[in-house]
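For reference, positions follow the sequence shown, starting with 1. Worth knowing before you read on, the calculation uses all heavy atoms, side chains too, and leaves out hydrogens, waters and symmetry mates.
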Amino acid sequence: MNIADLRKSYEKAELSESASHADPLKQFEQWLQEAIRSEVPEPNAMTLATVGPDLRPSTRVVLIKGFDERGIVWYTNYQSRKGRELAGNPFAALQFHWVELERVVRIEGVVEKVSDEESDAYFHSRPLDSRIGAWASPQSEVIESRSVLVANAAKYGAQFLLRPPRPPHWGGYRLKPEQWQFWQGRKSRLHDRLRYTAQAEGGWLRERLAP
């Protein structure tokens with residue numbers, strides 16, 4: 001099959017100004033809850049885009065772990081490629097794609113680390129294997145084989161037993177949104193697309209964009 005011939009007609013829902021929230025955080029919460037209730041695969045998965053010092057972008061999938069009026073939170077290794085890129089350029093973009101609902105949410109803004117207290121609390125809520133894994137994986141570094149990870153996991157498991165502390169190189173980030181976009185697929189490629197832009201005086205400017 002020629003991939004150029006693959007097409008889908010989007011007809012599940014619509015997104016109008018009158019039916020959407022004036023606050024993008026409330027709109028996001030509504031869509032996320034609908035994705036969870038619809039049991040779409042990994043509704044909490046989001047693509048994170050960062051830019052390195054060479055101005056080349058990179059993306060990867062991470063999992064949202066919290067959100068409120070302060071921003072969107074995820075956790076990772078601070079020494080990974082994304083961590084190094086965020087240290088040099090603290091601006092990033094997130095994207096959720098709920099294929100079954102024909103919806104996309106894009107979020108752009110500035111990123112900062114969460115507090116040590118927040119990182120500690122989340123780290124200690126994780127399963128033991130995940131906590132050991134945070135020590136065992138030198139994320140984004142070249143390793144000879146998977147046996148390196150297995151050996152590291154065994155070493156740190158024996159060292160920390162049931163109480164591994166949070167590694168100093170592991171913790172949370174929070175993206176503070178400056179712009180949101182909500183995309184709802186529509187028939188004939190005339191999709192609905194609403195953009196929310198933060199205003200200097202507070203609040204959000206909601207605008208419709210051509211798809």
**Study point:** side-chain contact (heavy atoms from CB on, under 4.5 Å) evaluation trace for Met1 with Ile3
**Key:** CA-CA 6 Å; Met1 178 180 290; Ile3 62 172; over 6 Å; no
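- Using a distance-only test at 3.5 Å, with no hydrogens or angles considered, a donor-acceptor pair links the side chain of Arg126 to the main chain of Ser130.
- The main-chain N or O of Val110 is never found under 3.5 Å from a side-chain atom of Glu112 such that the two would form a donor-acceptor pair.
- Here the CD1 atom belonging to Ile72 is positioned 7.0 Å from the CE atom belonging to Met46, to the nearest 0.5 angstrom.
- Salt-bridge annotation for Glu178 and Arg195: absent, with no side-chain N of the basic residue lying under 4.0 Å from a carboxylate O of the acidic one.
- For Ser125 (side chain) and Tyr122 (main-chain N/O), a donor-acceptor pair under 3.5 Å exists by modelled atom type.
- With hydrogens and angles disregarded, a donor-acceptor distance shorter than 3.5 Å links the side chain of Arg60 to the backbone of Ser58.
- Taking a cutoff of 4.0 Å between a charged side-chain nitrogen and a carboxylate oxygen, Glu17 and Arg208 qualify as a salt bridge.
- Annotation: the span from Arg56 atom CZ to Thr50 atom OG1 amounts to 13.5 Å, rounded to 0.5 Å.
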**Study point:** Thr76 and Trp170: CA distance, side-chain angles, deciding distance, side-chain contact (heavy atoms from CB on, under 4.5 Å) verdict
**Key:** CA-CA 6 Å; Thr76 191; Trp170 191 98; 5.6 Å; no
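- In this structure, the side chain of Glu118 engages the main chain of Ser115 through a donor-acceptor pair within 3.5 Å.
- When atom types are taken as modelled, the side chain of Ser20 and the backbone of Ser16 share a donor-acceptor pair closer than 3.5 angstrom.
- Counting only distance, with no hydrogens or angles, the side chain of Trp98 and the backbone of Pro43 share a donor-acceptor pair below 3.5 Å.
- When the side chains of ILVMFWY residues are joined at heavy-atom separations under 4.5 Å, either directly or via intervening members, Leu32 and Leu101 end up in a single hydrophobic cluster.
- Under a cutoff of 6.0 Å and an axis angle of 45°, Lys113 and Tyr78 form a cation-pi pair.
- Crowding of Glu39 atom CD: a count of heavy atoms from other residues, nucleotides or ligands under 6.0 Å not exceeding 12.
- Pairing each heavy atom of Leu63 with each of Ala45, the nearest pair is CD2-CA, 3.7 Å.
- Between the side chain of Gln184 and the main chain of Arg193, no donor-acceptor pair closer than 3.5 Å is present.
- The heavy-atom pair separating Ala153 from Ala136 by the smallest distance is N-CB, 3.6 Å.
- Separation of atoms OG (Ser137) and OH (Tyr156) is listed at 11.0 Å; rounding is to 0.5 Å.
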Practice item. Apply side-chain contact (heavy atoms from CB on, under 4.5 Å) to the pair His97 and Thr47, showing each step before the final yes or no. Key: CA-CA 9 Å; His97 186 192; Thr47 299; over 6 Å; no
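- Around NZ of Lys187, the count of heavy atoms belonging to other residues, nucleotides or ligands within 6.0 Å does not exceed 12.
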Exercise for review: Would you please test Leu128 and Leu162 for side-chain contact (heavy atoms from CB on, under 4.5 Å) and show each step?
Suggested key: CA-CA 7 Å; Leu128 177 60; Leu162 299 179; 3.6 Å; yes
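- Under the 6.0 Å cut-off for aromatic ring centres, Phe28 and Phe96 qualify, their centroids lying closer than that.
- When all heavy atoms of Arg189 and Ser9 are compared, the pair lying nearest together is NH1-CA, 4.5 Å.
- Glu144 CD: 12 or fewer foreign heavy atoms inside a 6.0 Å radius.
- Nearest heavy-atom pair, Pro138 versus Asn152, reported as atom, atom and distance to 0.1 Å: CD-ND2, 4.4 Å.
- Classified by interplanar angle (parallel below 30°, tilted 30° to 60°, perpendicular above 60°), the ring pair Trp180/Trp204 is perpendicular.
- Under a 4.0 Å N-O distance rule, the pair Lys26/Glu69 does not qualify as a salt bridge.
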**Study point:** side chain to side chain donor-acceptor pair (under 3.5 Å) assessment of Glu34 paired with Gln30
**Key:** CA-CA 6 Å; Glu34 289 176 3; Gln30 176 185 323; 3.2 Å; yes
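- Annotation: side chain of Val148 is not in contact with side chain of Arg146 (no heavy-atom distance under 4.5 Å).
- The line from CD1 of Ile143 to CG of Leu149 is 4.0 Å long, rounded to the nearest 0.5 Å.
- If you chain together hydrophobic residues whose side chains sit under 4.5 Å apart, Ile36 and Val105 fall into the same group.
- Taking the centre of each ring, Trp74 and Phe67 stay at or above the 6.0 Å mark.
- Between Lys12 and Glu100 there is no salt bridge, since no side-chain N of the basic residue sits under 4.0 Å from a carboxylate O of the acidic one.
- Ring geometry for Phe160 against Trp135 counts as tilted: the plane angle lies between 30° and 60°, on a 0 to 90° scale.
- Here CZ of Arg70 is found 13.5 Å from CG of Leu175. Values are rounded to the nearest 0.5 Å.
- When the shell of 6.0 Å around CZ of Arg163 is examined, it contains 12 or fewer heavy atoms from other residues, nucleotides or ligands.
- Remark: side-chain polar atoms of Ser188 are not paired, donor with acceptor, to backbone N or O of Leu190 under 3.5 angstrom.
- Arg186 places none of its side-chain heavy atoms less than 4.5 Å from the side chain of Tyr10.
- For the residue pair Val114 and Val73, the shortest heavy atom distance occurs at CG1-CG1, 4.1 Å.
- By the 4.5 Å heavy-atom criterion applied to side chains, Leu48 and Val61 are not counted as neighbours.
- Put simply, Leu25 and Trp183 are part of two different groups of oily side chains (I, L, V, M, F, W, Y) that touch within less than 4.5 Å, one to the next.
- Residues Leu94 and Arg106 fail the side-chain proximity criterion, which asks for heavy atoms closer than 4.5 Å.
- The CZ atom of Arg84 sits 9.5 Å away from the CD atom of Gln139 when rounded to the nearest 0.5 Å.
- Remark: Arg103 qualifies as a cation-pi partner of Trp31 under the 6.0 Å distance and 45° angle criteria applied to the six-membered ring.
- Aromatic ring centres of Phe182 and Tyr196: separated by under 6.0 Å.
- Between the side chain of Ser140 and the backbone N or O of Arg81 there is at least one donor-acceptor pair closer than 3.5 Å.
- Residues Val62 and Val40 share a single hydrophobic cluster, defined by chaining ILVMFWY side chains whose heavy atoms lie under 4.5 Å apart.
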